[in-house]
Structure formats: C-alpha cells, structure tokens
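To start, the structure itself, in structure tokens.
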Amino acid sequence: MKSLNRRRRGIGIAPIAVIAILLYLLVLVYPLLAGAFLSFTNASPLGGTFAFIGIKNYVQLFGDTQLGTSLLFTGITALAVTVIANFVGLLFALLLNKPTRNFRLMRTLIFIPQVLSGIVVGFIWRSIFTSDGLLNSVLINLHIIKAPVSWIGNPTLATACIMLVVIWTTTAFSTVVFSASLQTVPIELYEAARMDGANAFRRFTNVTWPMIAPGLTICVTLSLITSFKLYDVIA
C-alpha cells in the first residue's frame, strides 16, 4: 500500500502535463507545420489534389508590388492603434476609477465593444460609414457637409476609418485592464505622496504609472496582436 501511494505521489500532475502537451501539439504545432508544408504546394482552399511546387509561392509573394503597401499599411495601423488606444484607455480608466455603482456600470458598458466579434463590428461600422449611413446623415443634418462623403471609398479615409474601428474595440480592453491595475495601487501610497506635497501630476508619474506598468505591458502586447489581425474587420 505504501509503495502504491509513493507511486501515485510520484506521478503527480504528469497526466495533466501530457494532456496539455498533446493539446499544444494538436492545436498549435500541427496547424503551423501543415501550413508551412502547404505553402510549398499549389493546394487550393477549396480542396482537391495538389502538387509540390517548391518556393514558387514565395517568389510570387515577394514579387508582388502590393506587398510593400500592405506591410506599410499594417505597420502604421498597428502603431497608431497601439498608441492611441492605450492612451485613451488610460484616460478612461483614470476618469472611471471610482468605487461607486455608476462608475462600475460605465466600466462594464465600455467593455462591450471588446466582446463583439470582428464581423459584427465590421457590419456595425459599415452601416455608419456608407454613403447613406448614419455619419453622413448626421453631418448633412448639421450642415457640416453638403453631399455624402465616401468614407470607405477613398483609400485615405478608408484607412482612417479602419483605424478608428480597431481603436474603438481595443480601447475597451485597455480601459478594463488599466482599471483593474489602478485597483491594485495601495491608497497609502497616494496619502504618503500628498503628505510629501506631491501634486496630481507627480502622484501619477511617481506612484500610479510605476504600479500599472504590468497592465501597460499586457495592453501593448494585445493591441499589437489585434492590430495585426485586421482581416475580419476589413472584410
């Protein structure tokens, strides 16, 4: 009996670790390797037979004149979304950092855009940006513009619209993360800073900002990930 108990203790969490490794291999490693293999073939997304063609797909990819434009657009969008969304999210978190029920409700409402799928977000904003959409209707009624503007028909305006949509959804997440980070800052630190004569700006730079640094890391990382996955919103 003692040897059986020792054997069980020796096993420990090994079965759970094996299951986790198998899931990792199945969900992440296998699709990655399968995709890498298919990139050297002429396989069609619709299925059917395929043949090995070597690096022809990569030659065609890097020979495409639109590749540089696409990479530049993605890079600019990712940078703009990361900076603006986190800046606005931090402002919202500071403004809503109150323990009352109304402020908790407002923080919940701000998070709603984050739980919507990219396709739903795309449909919502497309109805706003179309020529006969909500935005043009409001601007015309306010006599700001005389004729409908093609917001998603102009490349420059379309880029700005895409950034706005992604910032809208990303700001929701960063607001919640920063709000949670602010809740972890001890009140005693603010009281000590006030006793030392620190104004609001110095309390933020010397107390708040260092304490919410882990939340900033999370927000920046996930903002970059979201910015590089724009297919569903654009489509």
Side-chain angles (χ1 to χ4, degrees), residues 71-118 120-122 124-125 128-129 134-135 138-139 142 144 151 156-230 232-234:
L71 293 177
L72 180 62
F73 166 78
T74 303
I76 294 175
T77 302
L79 179 62
V81 168
T82 301
V83 174
I84 298 176
N86 286 285
F87 177 75
V88 176
L90 179 58
L91 288 181
F92 282 163
L94 293 172
L95 292 174
L96 301 177
N97 188 30
K98 300 293 188 299
T100 62
R101 180 181 302 176
N102 291 336
F103 283 96
R104 289 198 297 269
L105 177 61
M106 293 175 66
R107 287 196 296 266
T108 302
L109 294 177
I110 285 179
F111 189 67
I112 290 178
Q114 182 64 34
V115 301
L116 299 175
S117 68
V120 173
V121 171
I124 292 174
W125 283 93
I128 296 175
F129 289 136
L134 178 63
L135 180 58
V138 171
L139 294 179
L142 294 176
I144 297 177
W151 298 101
T156 303
L157 293 177
T159 301
C161 291
I162 292 172
M163 290 184 182
L164 176 62
V165 174
V166 181
I167 289 171
W168 179 67
T169 57
T170 310
T171 299
F173 179 81
S174 61
T175 301
V176 174
V177 173
F178 284 129
S179 296
S181 299
L182 290 173
Q183 301 300 318
T184 64
V185 181
I187 300 178
E188 293 80 6
L189 295 179
Y190 291 118
E191 294 176 350
R194 290 191 185 94
M195 293 179 63
D196 290 339
N199 56 24
F201 177 76
R202 292 185 64 86
R203 290 197 300 270
F204 173 78
T205 56
N206 295 328
V207 178
T208 304
W209 185 252
M211 295 296 293
I212 65 174
L216 176 65
T217 302
I218 295 173
C219 289
V220 170
T221 302
L222 293 181
S223 296
L224 288 173
I225 294 174
T226 302
S227 303
F228 284 115
K229 298 190 305 181
L230 294 179
D232 50 357
V233 175
I234 297 175

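These figures come from a predicted structure and were not determined experimentally.
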Nearest 0.5 Å, please: how far is [atom2] in [Y] from [atom1] in [X]?
| X | Y | atom1 | atom2 | value |
| --- | --- | --- | --- | --- |
| Leu134 | Ile124 | CG | CD1 | 12.0 Å |
| Phe178 | Leu91 | CZ | CG | 10.0 Å |
| Ile218 | Ser223 | CD1 | OG | 11.0 Å |
| Phe73 | Thr159 | CZ | OG1 | 5.0 Å |
| Ile167 | Ser227 | CD1 | OG | 8.5 Å |
| Thr74 | Leu71 | OG1 | CG | 6.5 Å |

Spell out, as yes or no, whether a donor-acceptor pair under 3.5 Å connects the side chain of [X] to the backbone of [Y].
| X | Y | value |
| --- | --- | --- |
| Thr205 | Arg202 | yes |
| Thr171 | Trp168 | no |
| Asn86 | Thr82 | yes |
| Ser174 | Ala85 | yes |

Would you check, one step at a time, whether the test side-chain contact (heavy atoms from CB on, under 4.5 Å) holds for Trp125 with Cys161? CA-CA 9 Å; Trp125 283 93; Cys161 291; over 6 Å; no
Can you give me the closest heavy-atom contact between [X] and [Y], atom names plus distance?
| X | Y | value |
| --- | --- | --- |
| Thr221 | Thr217 | OG1-O, 2.8 Å |
| Ala198 | Arg203 | O-NH1, 3.0 Å |
| Ser181 | Gly215 | OG-CA, 3.6 Å |

Could you check Val177, Val176, Thr170 and say which one makes a side-chain contact (heavy atoms from CB on, under 4.5 Å) with Phe173? Val177
Does a sphere of radius 6.0 Å around [atom1] in [X] hold more than 12 heavy atoms from other residues, nucleotides or ligands, not counting ones at 6.0 Å or beyond?
| X | atom1 | result |
| --- | --- | --- |
| Phe87 | CZ | no |
| Phe129 | CZ | yes |
| Leu142 | CG | yes |

Under the criterion side-chain contact (heavy atoms from CB on, under 4.5 Å), I'd like the reasoning laid out for Tyr190 against Thr208: C-alpha separation, chi angles, the key distance, then a yes or no. CA-CA 9 Å; Tyr190 291 118; Thr208 304; 2.7 Å; yes
In terms of relative ring orientation, are Trp209 and Phe204 parallel, tilted or perpendicular, with 30° and 60° separating the classes? tilted
Does any part of the side chain of Met211, heavy atoms only, come nearer than 4.5 Å to the side chain of Leu182, both counted from C-beta? no
